[in-house]
Enquirer: 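Pasting a structure below so you can have a look.
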Amino acid sequence: MSQAPHARTPAGIPEMLLAGVDHEALEQKYVVLKEACTHFLGYPVNLKHDYSELARFLEFSINNVGDPFQHSPIHLNTLEFEREVIECFEWLAGGAPQETWGYVTGGGTEGNMYGLYLARELLPDGMVYFSEETHYSVTKVLRLQHMPNIMLKSQPNGELDYEDLEASLRINRHIPPIIFVNIGTTMKGAIDNLERIRAILDELALTRHYIHADAALHGFGLAFLDDPPPWNFKAGIDSLSISGHKWLGSPIPCGIALARRQHVARIARSVESVNLRDTTLAGSRNGLTPMILWHGLRRHGYHGLRTMVADCLATAEHAVHRLCAHGFAAWRNPYSPIVIFPRPPLPLQSRWCLAPQGALTHLVCLPHVTPELIDRFVDEYVASMNGAPTNVR
Ligand SMILES: Cc1ncc(COP(=O)(O)O)c(C=O)c1O
């Protein structure tokens, strides 16, 4: 914005709203956002969606307060859409009918917080184990909930170091473990091996345990593959978090928290004043995001979503080949749309919105990332890396 839009009142609110200069500010922002979409490769957000059919619902102050599976005293709700979304994700995540429960969250972080909250209520004396490649928000959640925890080493591909897990569990055998499993790490898209983790728990006879799966991005993709690695309720997890705005895509951040029903029963409280069952973390909850997720699932359908996931993985493979063909050490973990490669100079990193980690960066091949866009990026990358070392992994 070139100039202050209005003289401000002492409280800091403009005297008059939406004059010509305000419209200009909105227009400028629109143009900037539109342009930013053309070079967006480094963050796990699908920009290819069309929810314009839902625009008219902005007219309403929708609020999905309370448990989506209970009657709400607030008639301005979209709970029937939320229930359908949850049932869909329960099915995708291998939850047995009537044995899992869930709700639409504000994003993956809230779903992880929910899983850890349930874990702490069930195992108040528990210890949380998580790997160093875990999303940064998790240490904050652990601090917030005062949960004792141990950060474990990761392997070079981003997967949990199982020997470190076993050694740490062995030392703390008297403490029930809460294992925070990555079903796709943020940076490298590595999937922790649930079979191996459960074998370690069995071997140490640690029968009182809780497993939460952070499937923020990859959970959605794995649900549409023919032969995925174990990742969901069928593999013995207790709760799961998936982001809605990542692979499926949503203009408003959102997510899905799922958990075994018997665990949720332990934390549910009745709130007489609003006549509802309090099972969610937030009070007032977004009523538009369940409609967005519902619309996204319905518009594509099961086979459309399978194609979407397969296309993203093919684009990721194309990116690996293109970068390797130019001598750069690009690679990806199996089942992941994330491609890791040496970090370019800052101007290119910033132009393509790439997230760095040390000497590495990555690109995330979601539906708006086409092979043609990858080709354009690779041309610019090769030019910018002229003579730079290429063997960093
Ligand atoms: C593995 C993982 N967990 C959690 C999160 C946080 O999810 P959200 O941004 O939806 O809160 C992310 C975000 O990128 C992630 O990659």
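Everything quoted here is computed from the prediction, not taken from an experiment. Whatever order the structure lists ligands and atoms in, that order sets their numbers, starting from 1. All values below come from the heavy atoms of this structure, side chains included, with hydrogens, waters and symmetry mates left out.
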Enquirer: Should G108 be counted as touching ligand 1, given the test is an N or O pair under 3.5 Å?
Expert: yes
Enquirer: What protein heavy atom lies closest to atom 3 (N) of ligand 1? Include the residue and the distance to one decimal.
Expert: D214 OD2, 2.6 Å
Enquirer: Enumerate the atoms of ligand 1 whose separation from the nearest heavy atom of T186 is less than 4.0 angstrom.
Expert: 1 (C), 2 (C), 15 (C), 16 (O)
Enquirer: Hey, is ligand 1 close enough to K246 that some N/O pair sits below 3.5 Å?
Expert: yes
Enquirer: Can you tell me which residue among N77, N64, N286, T289 is in a side-chain hydrogen bond (donor to acceptor under 3.5 Å, both in side chains) with E82?
Expert: N64
Enquirer: Quick one: does N112 get within less than 4.0 Å of ligand 1, heavy atoms only?
Expert: yes
Enquirer: Report the distance from atom CH2 of W294 to atom CD of E84, rounding to the nearest 0.5 Å.
Expert: 6.5 Å
Enquirer: Which atoms of ligand 1 have any heavy atom of H245 under 4.0 Å away?
Expert: 10 (O)
Enquirer: What protein heavy atom lies closest to atom 11 (O) of ligand 1? Include the residue and the distance to one decimal.
Expert: T109 OG1, 2.6 Å
Enquirer: Considering only protein heavy atoms, which is closest to atom 12 (C) of ligand 1, and at what distance to one decimal place?
Expert: H135 CD2, 3.2 Å
Enquirer: Is L217 close enough to touch ligand 1? Criterion: a residue heavy atom under 4.0 Å from a ligand atom.
Expert: no
Enquirer: For ligand 1, which atoms have a heavy atom of G184 less than 4.0 angstrom away?
Expert: 1 (C)
Enquirer: Applying side-chain contact (heavy atoms from CB on, under 4.5 Å) between E133 and each of M151, Q357, K153, report the one that passes.
Expert: Q357
Enquirer: Are the charged groups of R208 and D125 less than 4.0 angstrom apart, N to O?
Expert: yes
Enquirer: Considering the heavy atoms of G107, write down every atom of ligand 1 situated less than 4.0 Å from one of them.
Expert: 10 (O), 11 (O)
Enquirer: When you group the ILVMFWY residues by side-chain heavy-atom contacts below 4.5 Å and let the links chain together, are L47 and L373 in the same group?
Expert: no
Enquirer: Can a side-chain donor-acceptor contact be found between E121 and Y210 if the only test is distance below 3.5 angstrom?
Expert: no
Enquirer: Measure the spacing between CZ of F89 and CG of N232 and express it to the nearest 0.5 Å.
Expert: 13.0 Å
Enquirer: Does S243 reach ligand 1 with a nitrogen or oxygen that is under 3.5 Å from one of the ligand's nitrogen or oxygen atoms?
Expert: yes
Enquirer: Between R306 and D226, is the closest basic N to carboxylate O distance under 4.0 Å?
Expert: yes
Enquirer: Please state whether P44 comes within less than 4.0 angstrom of ligand 1, counting heavy atoms only.
Expert: yes
Enquirer: Tell me whether S137 has any N or O atom under 3.5 angstrom from an N or O of ligand 1.
Expert: no
Enquirer: Nearest 0.5 Å please: distance from the CD1 atom of I292 over to the CZ atom of F57.
Expert: 11.0 Å
